[in-house]
**Q** 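Questions regarding the structure given below will be posed in turn.
We name chains A, B, ... by the order of the sequence lines, and we start the count at 1 in each one.
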Amino acid sequence: MEWKTAAFTQFPSPALREWAANPLSKGMRETSFGPLLEEVEDRIKKQQGDKWNRDLFENRLMGYSMRTSQYRFTVWKDYTDTKAKPIFFELYDHQSDPKETVNIANDNPNLVAQLL
Amino acid sequence: IEKPNILFIAIDDLRPELGAYGSEVAITPNMDALAAEGLLFNNAYCQEAICSPSRASVMTGARPETINVIENFSYFRDLNPDIVTLPQHLQTAGYETVYAGKIFHPGYTDEELSWSRKAYSGPKVEEMPERVRGYVLAENQEIFRKNRAEVIAKYGENAPRNGLGKGPAYEFADAPDNSYEDGHNTELAIETMKEMAQNDKPFFLGLGFLKPHLEWIAPKKYWDMYEDVDLQLTDQHEGPVNGAAMGLHASFELRARADIPNYGDIEEEQAKNLKRAYLATVSYVDAQIGKMLKALEEEGLRDNTIIMLWSDHGWHLGDMGIWGKATNYEIATRVPLIVSTPNMPDAVRGSKTNALVELVDMYPTLCELAGVSIPESVEGQSFKPLLTNPN
């Protein structure tokens with residue numbers, strides 16, 4: 001019997017949508033969440049370098065994730081622009097790494113291209 | 001052909017931490033028994049690991065972006081006035097549809113179109129304790145009131161900060177099951193089911209549990225069940241090596257609670273108490289499910305009722321250094337899903353399937369099982385074939 005080969009999920013960045021719709025509430029930075037938000041933001045800035053853009057990272061970034069029988073593959077991109085290029089990939093091999101401890105996307109460009 | 005009834009059991013924030021899913025610590029005999037009589041899905045995934053988008057997707061059969069619900073502040077009906085929800089669709093096929101507890105996201109419950117009647121409100125309900133939303137202990141109610149008042153004074157009633165100004169993360173009062181909302185709602189659902197059993201119409205009964213969502217509050221006897229259980233914390237305290245910085249968060253949901261530090265580490269002793277509290281509320285929900293299933297049996301309806309049990313998403317209990325949901329990782333997106341149908345082959349009962357399924361698939365599956373057409377707007381795929389051929 002043929003069956004679906006992937007399950008899809010998504011989540012916007014930053015992971016604060018339980019309390020903030022788009023655009024992210026400006027006042028949020030003045031609450032006790034402010035320093036936590038900045039902590040997350042600093043981590044993203046450090047990772048993204050020149051690609052950092054507050055509007056993108058607060059209001060337009062979406063992680064699209066696909067779970068196949070073997071892999072979890074996640075693409076982070078501007079969800080308001082279907083033609084926008086992904087800015088980050090995550091790939092986890094559930095056969096060898098069921099807890100998703102190591103992102104192997106950079107080591108597997110062909111597999112990333114195939115899954116994309 | 002007599003149409004089957006449908007008991008649709010939704011659980012909030014329940015990761016697959018059940019005996020039936022291999023947990024060595026969770027005490028969940030009733031959900032385990034349901035799994036022993038039905039089919040357990042090992043690889044079921046939500047469409048977004050947060051309440052409103054996940055539930056709106058389930059109930060409309062469409063993916064979050066299709067209906068433009070990707071956060072907790074958009075009402076699917078405002079954005080999709082013509083979309084047909086699962087219970088709304090079943091009504092057209094002759095079903096009576098009703099819910100108790102949390103099926104849709106609170107405030108976005110589609111009262112007019114999805115539900116054909118209100119839950120039971122007869123005399124027996126009046127004998128129940130006054131509906132309690134939240135803490136039973138007066139001191140915790142006071143902490144909540146005080147914190148909430150401070151937030152409202154500072155930011156205003158309508159500020160999008162309804163996650164702030166909370167009470168303690170957990171409470172286990174020496175009180176009966178129906179002192180807390182899930183127990184009350186279960187009694188409501190049972191009385192509603194008995195009432196509907198007298199009708200000619202088949203029913204779709206949604207019973208939605210608010211736990212194990214924070215705050216973890218339940219009767220003390222469920223906390224006591226874990227007194228001698230050796231609870232191990234996760235050994236994965238960091239996010240993935242080379243993972244996406246934007247893929248993780250700072251446990252905002254837990255840190256909004258009064259007794260949790262706003263920043264820094266969660267101490268081991270506190271982490272163990274939090275895990276115990278989570279599991280205790282899972283056991284509380286499990287006990288209510290047992291009552292519901294027993295009542296269904298006693299009413300003679302079990303043999304003609306489809307039971308579908310699911311959770312809106314998973315939850316990080318410190319995994320990857322996070323307490324909460326709201327990620328794209330396995331721990332937040334994999335969910336428990338158990339289905340029992342009246343005519344399921346004996347060979348299938350009690351088995352598990354590794355087939356990939358998505359929560360968006362539940363809508364078309366129930367349509368097929370009920371012999372009802374599947375609306376064109378539905379994006380899921382019926383997994384009815386798995387119910388006879390799980391391999």
**Q** To the nearest 0.5 Å, what is the distance between CZ on A/Arg67 and CG on B/Leu356?
**A**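 A/Arg67 atom CZ to B/Leu356 atom CG measures 7.0 Å (nearest 0.5 Å).
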**Q** When you compare the side chain of A/Ser65 with that of A/Phe8, does any pair of heavy atoms fall below 4.5 Å?
**A**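 They are not in side-chain contact.
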**Q** I need the B/Leu254 CG to B/Ile260 CD1 distance, nearest 0.5 Å.
**A** 4.5 Å
**Q** Quick one: what part of A/Gln47 sits under 4.5 Å from any heavy atom of chain B, side chain, backbone, both or neither?
**A** side chain
**Q** What part of A/Arg72 is in contact with chain B, defined as an atom under 4.5 angstrom from a non-hydrogen atom: side chain, backbone, both or neither?
**A**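 Side chain of A/Arg72 only, per the 4.5 Å heavy-atom cut-off to chain B.
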**Q** Report, in residue-number order, which members of residues 61-69 of chain B are under 4.5 Å from chain A by heavy-atom distance.
**A**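 Within residues 61-69 of chain B, the residues under 4.5 Å from chain A are B/Arg63, B/Pro64, B/Glu65.
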**Q** Counting only heavy atoms closer than 4.5 Å, note whether B/Asp361 contacts chain A via side chain, backbone, both or neither.
**A** side chain
**Q** Hey, is the main chain of B/Ala326 close enough, under 3.5 Å, to the side chain of B/Glu48 for a donor-acceptor pair?
**A**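 Not a single qualifying donor-acceptor pair exists.
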**Q** Answer with side chain, backbone, both or neither: which region of A/Ala105 has an atom nearer than 4.5 Å to a non-hydrogen atom of chain B?
**A** neither
**Q** Establish, yes or no, whether a centroid distance under 6.0 Å links the rings of B/Phe383 and B/Phe41.
**A** yes
**Q** Quick one: CD on A/Gln70 to NE2 on A/His94, what's the gap to the nearest 0.5 Å?
**A**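 The distance works out to 10.0 Å.
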**Q** Below 4.5 Å from any heavy atom of chain A, which atoms of B/Tyr329 appear? Answer side chain, backbone, both or neither.
**A** both
**Q** Which region of A/Thr101, side chain (C-beta onward) or backbone (N, CA, C, O), has a non-hydrogen atom less than 4.5 Å from a non-hydrogen atom of chain B, or is it both or neither?
**A**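 Both parts, heavy atoms under 4.5 Å.
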**Q** Which answer fits B/Gln236, side chain, backbone, both or neither, if we ask what part of it has an atom under 4.5 Å from a heavy atom of chain A?
**A**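 Contact with chain A is through the side chain of B/Gln236 alone.
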**Q** Please look at A/Glu100 and chain B and tell me whether the side chain, the backbone, both or neither of the residue comes under 4.5 angstrom of a heavy atom of that chain.
**A**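 Answer is both: backbone and side chain atoms of A/Glu100 are under 4.5 Å from chain B.
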